[in-house]
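Have a look at the structure below, then the notes.
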Amino acid sequence: MDFHCCRLQSVSGERKMDFKPTVTMMAVVVVFAVMNTLTKMAFNEGMHTTILIVLRQLTATLFLAPIAYFRERKTRPKLTTKIFVYLFFSALLGASLTQWLFFLGLRYTTATFACAFINMTPMFTFLLALPFKVERLDVSTGSGAAKLTGTAVGLAGALVLALYQGPSLTSYHSSAAASAGAGARRWAVGSAALLGGSASWSLWFILQSKIGTKYPALYSGTAWMSFLSFLQMAAVGIATEKMTFHVWVVATRLQVVTVLFVGIAGSGLGFLAMSWCVERRGPVFTTAFMPLVQIVAAGINVIALHEQLHLGSVVGAALVVVGLYFVLWGKSNETRTKELCPPSDSKIVVEEHASGAETV
């Protein structure tokens, strides 16, 4: 009887496989790839990095606040001091610090090198999730071995992207390689900033998995995060940027489009979608898609900006995809196993057998 029940559960579980988180994260990948290209073009026009972050978070706040108010006004939990502290650090780690460190590293190194560090986010998240007990690793199971293998292969791919350039596979000649003349000190500072940015983003994914249970109001939580990040980066901008009206004005049409796109699609819908995926599948599953951003962005940049495509990028991207497949397979198999054989069912069966034994 138990065997037939498990078999029916297995068939039912296979039919109910949920592909929505995967499709959602693929959409996020495309949005982030386009966002990175627009951001680079805006920086080439002279837009200040801190100003872009401030305007991005302000746009996201104005976009999300009305939606959060009307959609969750009857179901929104009370905002306690503890929850506010969680949201403050969520904004600091996920929006403010990550963006600021990434742009600092981008200024002192190269775009490929910077993206390669962001590609390490899934590996950092997986390693950080273990001590926080957000993820469990059992290498004796197929799922655990797949996640460990995928993490190692993805890390190898990110290292290839960062350290090996190889010959050019395109005929375009770009002048963007001027960063090769950067001094060793600037390169070290940029590397440290990128490492800190990737670690900060990984910590945000871990923290977000906690916030999802303590403050189950997805739209309101994301709106608060955008608003708090806006205040944080506005304070940084006032302290570091020249207090002239010209600096804070969006001058060109491209810059206007960039601010609206990165604010609404990137910080608004993007973080909303990632927070939802973290609640559904966990932080490791969500960050496993981040390396694909560079792959899609590289294709866009080659076509739109005529940037060079090198052999190292192709080899590293292939390793990243292989590692991504292993991690996703491990997470999918682990989720399916939990759904088919939940601990509560096993406990009930044990208690029933124990009760039957006592009766006998």
Side-chain angles (χ1 to χ4, degrees), residues 32-33 35-44 46-57 88-125 127-128 154-155 157-165 176-207 225 228-230 232-242 258 262 266-267 270-271 287 290-291 293-294 297-298 301 312-313 316 320:
F32 277 18
M35 181 182 68
N36 288 346
T37 302
L38 287 174
T39 301
K40 184 175 182 180
M41 295 170 67
F43 287 159
N44 290 340
M47 191 171 191
H48 290 234
T49 56
T50 306
I51 303 302
L52 176 59
I53 298 173
V54 172
L55 296 178
R56 171 183 178 174
Q57 298 308 122
F88 178 86
F89 281 101
S90 175
L92 181 65
L93 293 173
S96 302
L97 197 58
T98 297
Q99 292 183 74
W100 191 80
L101 288 173
F102 176 76
F103 290 140
L104 177 64
L106 182 63
R107 182 183 303 172
Y108 287 163
T109 60
T110 65
T112 300
F113 190 80
C115 287
F117 263 91
I118 295 300
N119 286 345
M120 296 181 187
T121 301
M123 283 67 77
F124 284 143
T125 303
L127 295 176
L128 290 172
L155 180 60
L159 290 175
V160 170
L161 287 168
L163 303 177
Y164 175 68
Q165 189 175 44
S179 58
R185 183 176 178 277
R186 287 174 59 87
W187 192 271
V189 172
S191 300
L194 292 170
L195 181 63
S198 184
S200 176
W201 208 14
S202 299
L203 286 172
W204 176 80
F205 281 103
I206 303 297
L207 180 62
M225 186 188 74
L228 292 173
S229 175
F230 160 70
Q232 293 164 359
M233 292 309 301
V236 173
I238 293 173
T240 59
E241 300 290 347
K242 296 179 179 179
T258 301
V262 300
S267 292
F271 275 87
T287 55
M290 290 300 105
V293 174
Q294 185 187 12
N301 292 340
S313 299
V320 166

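Taking CD of Gln232 as the start and CE of Met225 as the end, the distance is 10.0 Å to the nearest 0.5 Å. Here OG of Ser96 is found 10.5 Å from CG of Leu101. Values are rounded to the nearest 0.5 Å. Note: Leu55 CG to Thr258 OG1 = 11.0 Å, rounded to the nearest 0.5 Å. Separating the CG atom in Leu93 from the CD1 atom in Ile206 is a distance of 11.0 Å, to the nearest 0.5 Å. Taken to the nearest 0.5 Å, the CG atom of Leu207 stands 12.0 Å off from the CG atom of Leu128. Within the model, atoms CZ of Phe32 and OG1 of Thr37 stand 13.0 Å from one another, a figure rounded to the nearest 0.5 Å.
Applying the ring pair (Phe, Tyr, Trp, His ring centres under 6.0 Å) rule to Phe89 yields no partners; only residues at least two apart in sequence or on another chain are considered. Residues satisfying the side-chain hydrogen bond (donor to acceptor under 3.5 Å, both in side chains) test with Ser90, not counting sequence neighbours, are Trp204, Gln208. Scanning for side-chain hydrogen bond (donor to acceptor under 3.5 Å, both in side chains) contacts around Thr98 gives Ser200, with sequence neighbours left out.
Between Arg56 and Gly266, the shortest heavy-atom contact is NH2-C, 4.0 Å. The two residues Ser229 and Ala91 have their closest heavy-atom pair at N-CB, 3.7 Å. When all heavy atoms of Thr49 and Phe43 are compared, the closest pair comes out as CG2-CZ, 3.4 Å.
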May I have the step-by-step check of side chain to side chain contact (heavy atoms under 4.5 Å, CB included) for Met233 and Gln99, ending in yes or no? CA-CA 10 Å; Met233 292 309 301; Gln99 292 183 74; over 6 Å; no
Determine, stepwise, if the pair Phe102 / Leu194 fulfils side chain to side chain contact (heavy atoms under 4.5 Å, CB included). CA-CA 5 Å; Phe102 176 76; Leu194 292 170; 4.0 Å; yes
